[in-house]
Amino acid sequence: MPELPEVETVARQLAPLLVGRTVKRLEILDTKLLNVSRPGRVRALSIADVRRLGKWITISLKGGKDLWIAVHLRMTGRLIFADGRAEKGATKNDSQQEDKHLRARLLLDQGELLFTDVRRFGEVRLLNDLAAITPKAIDPMSADFQPKRLAELLGKSKQELKAWLLRQDRLVGLGNIYASEILYRARLSPFRPAGELTTKEVGQLVKATRQILVKAVENCGTTFSDFQTAHGSIGSYQRFLKVYGREGQPCRRCSASVKRHNQQGRSTFYCEDCQNVD
DNA sequence: GGGTACCTGAAA
DNA sequence: TTTCAGGTACCC
């Protein structure tokens with residue numbers, strides 16, 4: 001579920017809620033989360049910082065030895081802050097559903113952070129440093145993301161552009177929704193060989209990527225089915241999606257029917273006319 | 001590089 | 001019953 005804008009949203013919302021709090025303990029409820037060794041180490045440390053690192057959310061703990069809690073949401077992970085007071089709005093049914101998928105919880109001096117994950121692909125790690133999860137690839141929201149740099153990365157790749165955009169070893173953070181949206185905005189075919197873009201097209205790609213990501217972050221990401229922000233509310237960028245999930249509906253620019261095509265086991269949405277697809 | 005697997009649940 | 005899902009690790 002979460003791509004860069006959703007992860008950024010969660011990190012930004014969690015920061016003011018968590019920074020300065022003291023950790024009481026970390027409870028691991030899902031035996032699949034084997035990467036967390038000696039969770040007792042977090043006890044009495046205070047939270048100094050919360051940020052996004054690629055698609056990871058890192059919580060930095062200070063006091064004695066430095067430690068980081070890192071969370072990857074994968075497809076259906078959620079990090080929700082609960083202030084401890086009973087939630088009047090939530091029905092009993094909702095909370096029971098939530099409990100069923102509760103995989104870990106971080107208890108604080110005030111409130112707690114809940115990690116829930118339906119499909120159990122998500123990860124929680126306890127790290128002494130961030131080396132293992134620090135991406136070598138470029139973050140498309142950073143100042144390093146420039147046309148010249150992207151052109152170098154694209155090189156002479158023959159891989160289809162949509163598939164190339166999903167490769168986290170070149171760019172970190174794009175996923176299946178935003179890859180389609182970005183290509184639509186840049187008016188580029190998802191099937192073009194990545195290394196054959198002209199200089200002008202690489203420029204369009206950079207511009208479209210920045211614009212889409214900025215607007216998605218401003219709108220707290222996209223909620224299709226699962227995604228929730230740290231407050232348990234949903235994102236609103238789905239209102240702005242031009243092609244993703246719109247198979248058979250008219251293109252908002254030219255009215256041609258939006259197409260869906262399976263590319264390496266994943267759905268790609270596009271407009272044949274606007275994106276010059278043969 | 002491209003398929004397949006990991007897991008669960010909702011929708012077709 | 002089958003297909004699909006905001007991700008990615010691991011196999012040829």
Side-chain angles (χ1 to χ4, degrees), chain A residues 1-11 29-35 52-57 70-79 93-94 96-103 115-125 132-133 135-137 140 153-183 190-191 193-195 209 212-213 215-217 219-230 234-248 260-269:
Chain A
M1 117 222 338
E3 304 180 33
L4 184 155
E6 290 73 33
V7 179
E8 180 75 25
T9 294
V10 172
L29 305 168
D30 186 347
T31 52
K32 228 192 139 196
L33 299 172
L34 297 174
N35 273 313
R52 177 181 67 82
L53 195 57
K55 286 184 194 168
W56 288 87
I57 291 159
V71 179
H72 198 302
L73 304 173
R74 293 288 177 91
M75 293 290 266
T76 53
R78 287 178 185 171
L79 275 180
N93 227 5
D94 281 346
Q96 281 173 346
Q97 278 299 102
E98 229 21 69
D99 284 350
K100 186 174 160 192
H101 304 305
L102 186 62
R103 309 297 179 195
F115 174 64
T116 71
D117 186 5
V118 170
R119 292 176 71 180
R120 304 169 74 206
F121 291 159
E123 262 190 86
V124 177
R125 295 193 194 180
I133 61 166
K136 289 167 188 67
L153 288 173
L154 289 164
K156 294 186 162 68
S157 171
K158 292 189 166 59
Q159 192 168 30
E160 291 181 331
L161 194 48
K162 156 68 162 26
W164 193 94
L165 289 178
L166 295 182
R167 292 179 50 175
Q168 305 294 302
D169 59 334
R170 305 293 173 91
L171 293 180
V172 249
L174 300 186
N176 209 39
I177 292 179
Y178 296 106
S180 281
E181 293 298 311
I182 286 164
L183 290 176
F191 311 109
T209 302
I212 297 263
L213 293 179
K215 189 158 183 184
V217 170
N219 284 276
C220 299
T222 300
T223 297
F224 227 70
S225 55
D226 290 296
F227 176 65
Q228 287 192 5
T229 70
I234 62 174
S236 56
Y237 190 75
Q238 60 276 13
R239 290 190 288 146
F240 302 100
L241 294 178
K242 298 285 202 293
V243 285
Y244 187 87
R246 297 192 65 247
E247 181 183 18
R260 176 167 78 111
H261 186 267
N262 193 302
Q263 234 172 340
Q264 298 172 187
R266 322 212 55 197
S267 291
T268 300
F269 297 87

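None of these values were measured; they are calculated from a predicted model. Naming: A, B, ... by sequence-line order, numbering from 1 per chain.
For the atom pair CZ (A/Arg78) and CG (A/Leu102), the distance works out to 12.0 Å, reported to the nearest 0.5 Å. Note that NZ of A/Lys100 is 12.5 Å distant from OG1 of A/Thr116, once rounded to the nearest 0.5 Å. Here the straight-line distance linking atom CG of A/Asn176 with atom CD of A/Gln264 works out to 10.5 Å at 0.5 Å rounding. To the nearest 0.5 Å, atom OG1 of residue A/Thr229 and atom CD of residue A/Glu6 are 11.0 Å apart.
Whole-Å rounding puts the A/Asn262 CG to B/dG2 P distance at 12 Å. Whole-Å rounding puts the A/Ile133 CD1 to C/dA9 C1' distance at 17 Å. Summarising the geometry, the separation between NZ on A/Lys158 and P on B/dG2 is reported as 13 Å, rounded to the nearest angstrom. One can place CZ of A/Phe227 at 15 Å from C1' of C/dG7, the figure rounded to the nearest angstrom. Computed from coordinates, the A/Asp117 CG to C/dG7 P distance equals 13 Å when rounded to whole Å. The separation between A/Arg266 atom CZ and B/dG2 atom P is 14 Å, rounded to whole Å. Rounded to whole Å, atom C1' of C/dA5 lies 15 Å from atom CD of A/Gln238. With rounding to whole Å, A/Met75 atom CE is found 10 Å from C/dT8 atom P.
The residue from A/Ile57, A/Asp30, A/Leu79 that alone fulfils the side-chain contact (heavy atoms from CB on, under 4.5 Å) condition with A/Phe115 is A/Leu79.
Of the side-chain N and O atoms in A/Gln159, one or more sit less than 4.0 angstrom from OP1 or OP2 of B/dG2. Remark: A/His72 is not in phosphate contact with C/dG7, judged by side-chain N or O atoms under 4.0 Å from OP1 or OP2. Of the side-chain N and O atoms in A/Ser267, one or more sit less than 4.0 angstrom from OP1 or OP2 of C/dA5.
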| note | Per-residue pairing states of DNA chain C in dot-bracket (Watson-Crick or G-U under 3.5 Å; . unpaired, | other strand) read |||||.||||||
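For the residue pair A/Thr209/A/Tyr178, the side-chain donor-acceptor check at 3.5 Å is not satisfied. Counting only N and O atoms by type, the side chains of A/Arg260 and A/Ser267 include a donor and acceptor under 3.5 Å apart.
Remark: A/Gln168 in residues 162-170 of chain A come within less than 4.0 Å of DNA chain C through at least one heavy atom.
Between A/His72 and A/Phe121, the distance from one ring center to the other does not fall under 6.0 angstrom. Taking the six-membered ring where the residue is Trp, the centroids of A/Tyr244 and A/Phe224 are separated by under 6.0 Å.
With salt bridges taken as basic N to acidic carboxylate O contacts below 4.0 Å, one links A/Arg74 and A/Glu123.
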| message | Could you walk me through whether A/Thr268 and A/Gln263 satisfy the side-chain hydrogen bond (donor to acceptor under 3.5 Å, both in side chains) test, starting with their C-alpha distance in whole Å, then the side-chain angles of each, then the deciding distance to 0.1 Å, before giving a yes or no? | response | CA-CA 6 Å; A/Thr268 300; A/Gln263 234 172 340; 2.5 Å; yes
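For the pair A/Lys215 and A/Phe240, the cation-pi criterion (under 6.0 Å, within 45° of the ring axis) is fulfilled.
Atom P of C/dC10 sits at a distance of 14 Å from the matching atom of B/dC7, rounded to the whole Å.
Looking at heavy-atom distances under 4.0 Å, A/Gly265 makes no contact with the nucleic acid at all.
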All N/O contacts under 3.5 Å from nucleotides 6-8 of chain B to the protein, with atom names and distances to one decimal?
| from | atom 1 | to | atom 2 | distance (Å) |
| --- | --- | --- | --- | --- |
| B/dC7 | O3' | A/Arg120 | NH1 | 3.4 |
| B/dC7 | O2 | A/Arg119 | NE | 2.8 |
| B/dC7 | N3 | A/Arg119 | NH2 | 3.1 |
| B/dT8 | OP1 | A/Arg120 | NH1 | 2.8 |

